[in-house]
Undergrad: 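Here you go, one structure.
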Amino acid sequence: QVQPVESGGGLVQPGGSLRLSCTNSGSIFSIYIIAWYRQAPGKQRELVASLSKGGTTNYAESVKGRFTIYRDNAWNTVYLQMNSLKPEAAAVYYCSSSYTLWGQGIQVTISS
């Protein structure tokens, strides 16, 4: 099994946008769900959004209407489009493949 790889993080101003990518280079046939989590300093890791292979999405209440999770046609890459970012969104974001494989995480910093 190959870990998913996150990309697209960085520094953005409050109110700005970022798009994170989660790329799966291993076998994708056994993947039934991709989830994005985040962990801020001193806080527990929390679910941000998930996308099932059947297309069902789930979002944390705090990001509904501002974040969108979607995938490419081949299920190789799942994106998290984050708009209207708030300072409290600053965290390390992790991609999980079927809740068993985890990426290394990528930093998202919100600052003016």
Side-chain angles (χ1 to χ4, degrees):
Q1 297 286 343
V2 179
Q3 285 180 299
V5 177
E6 304 96 342
S7 61
L11 172 65
V12 65
Q13 293 185 342
S17 297
L18 275 178
R19 188 180 75 165
L20 304 183
S21 300
C22 172
T23 300
N24 294 281
S25 59
S27 173
I28 61 173
F29 298 107
S30 62
I31 299 174
Y32 66 90
I33 193 166
I34 296 289
W36 282 98
Y37 281 75
R38 68 186 178 191
Q39 187 167 19
K43 295 189 176 181
Q44 289 189 328
R45 190 173 295 190
E46 63 172 353
L47 176 68
V48 177
S50 64
L51 172 64
S52 74
K53 201 166 189 177
T56 300
T57 57
N58 182 44
Y59 296 94
E61 284 295 326
S62 60
V63 307
K64 281 183 180 178
R66 298 184 297 112
F67 289 17
T68 304
I69 188 170
Y70 63 100
R71 69 184 196 190
D72 64 5
N73 290 334
W75 192 233
N76 288 114
T77 302
V78 173
Y79 304 95
L80 182 67
Q81 178 67 44
M82 307 187 293
N83 298 329
S84 302
L85 282 162
K86 301 178 180 180
E88 53 264 37
V92 177
Y93 283 70
Y94 298 89
C95 175
S96 170
S97 171
S98 298
Y99 302 117
T100 56
L101 295 175
W102 292 83
Q104 292 295 314
I106 193 162
Q107 181 70 50
V108 172
T109 303
I110 318 292
S111 177
S112 55

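All values reported here derive from a predicted model rather than from experimental measurement. For this chain, numbers begin at 1 and follow the sequence in order.
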Undergrad: Could you report the tightest heavy-atom contact between P14 and S112, atom names first, then the distance?
TA: CD-N, 3.8 Å
Undergrad: Once rounded to the nearest 0.5 Å, what's the spacing between atom SG of C95 and atom CD1 of I34?
TA: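 That separation rounds to 5.0 Å.
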Undergrad: Does the side chain of V12 reach to within under 4.5 Å of the side chain of I110, using non-hydrogen atoms?
TA: yes
Undergrad: Quick check: does any side chain N or O of Y59 sit under 3.5 Å from a backbone N or O of I69, one acting as donor and the other as acceptor?
TA: yes
Undergrad: Given 3.5 Å as the limit, does a donor-acceptor pair link the side chain of E6 with the main chain of Q104, or not?
TA: yes
Undergrad: Kindly state whether the ring of Y37 and the ring of W102 have centres lying under 6.0 angstrom apart.
TA: yes
Undergrad: Got L20 and S7 here, is their nearest side-chain heavy-atom distance under 4.5 Å?
TA: no
Undergrad: Would you kindly confirm whether Y94 and Y99 end up in one hydrophobic cluster when ILVMFWY residues are joined by side chain heavy atoms under 4.5 Å apart?
TA: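 Cluster IDs for Y94 and Y99 match.
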Undergrad: State, yes or no, whether a side-chain contact exists between R38 and E46 at a heavy-atom distance under 4.5 Å.
TA: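 The answer is yes; the side chains approach within 4.5 Å.
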Undergrad: Give me each pair satisfying disulfide bond (SG atoms under 2.5 Å apart) with a member in residues 54-83, each pair once, sequence neighbours excluded.
TA: none
Undergrad: Can you give me the closest heavy-atom contact between A89 and V108, atom names plus distance?
TA: O-CG1, 4.4 Å
Undergrad: Do C22 and Y93 make a side-chain contact, defined as non-hydrogen atoms from C-beta onward lying under 4.5 Å apart?
TA: no
Undergrad: Hey, could you give me the OG1/CG distance between T109 and L85, rounded to the nearest 0.5 Å?
TA: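 With rounding to 0.5 Å, OG1 (T109) is 11.0 Å from CG (L85).
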Undergrad: Just verifying a value: how many Å separate I33 CD1 and T100 OG1, rounded to the nearest 0.5 Å?
TA: 11.5 Å
Undergrad: Indicate yes or no: at least one non-hydrogen side-chain atom of N24 is less than 4.5 angstrom from one of L101.
TA: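 Side-chain contact under 4.5 Å: no.
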Undergrad: May I ask whether V92 and L47 are part of the same hydrophobic cluster, defined by side-chain heavy atoms of I, L, V, M, F, W, Y residues being less than 4.5 angstrom apart, directly or through others?
TA: yes
Undergrad: About how many Å separate CD of Q3 and OG1 of T23, when rounded to the nearest 0.5 Å?
TA: 13.5 Å
Undergrad: Determine which pairs satisfy disulfide bond (SG atoms under 2.5 Å apart) with at least one residue from residues 35-86, sequence neighbours left out, and list them in order.
TA: none
Undergrad: Apply salt bridge (Lys or Arg N to Asp or Glu O under 4.0 Å) to K64 and list each qualifying residue two or more places apart in sequence or on a separate chain.
TA: E61
Undergrad: What's the separation between atom CG in D72 and atom OH in Y79, rounded to the nearest 0.5 Å?
TA: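 So the gap between those two atoms works out to 5.0 Å.
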Undergrad: Any chance you could measure L51, atom CG, to R71, atom CZ, to the nearest 0.5 Å?
TA: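 Answer for the CG-CZ pair, L51 versus R71, is 6.0 Å.
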Undergrad: Keeping the roles fixed (side chain from S98, backbone from Y32), state whether a donor-acceptor pair exists under 3.5 Å.
TA: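 Flag set: sc S98 to bb Y32 pair under 3.5 Å.
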Undergrad: Could you tell me which non-hydrogen atom of G8 sits nearest to which non-hydrogen atom of L18, and how far apart they are?
TA: O-CD2, 3.7 Å
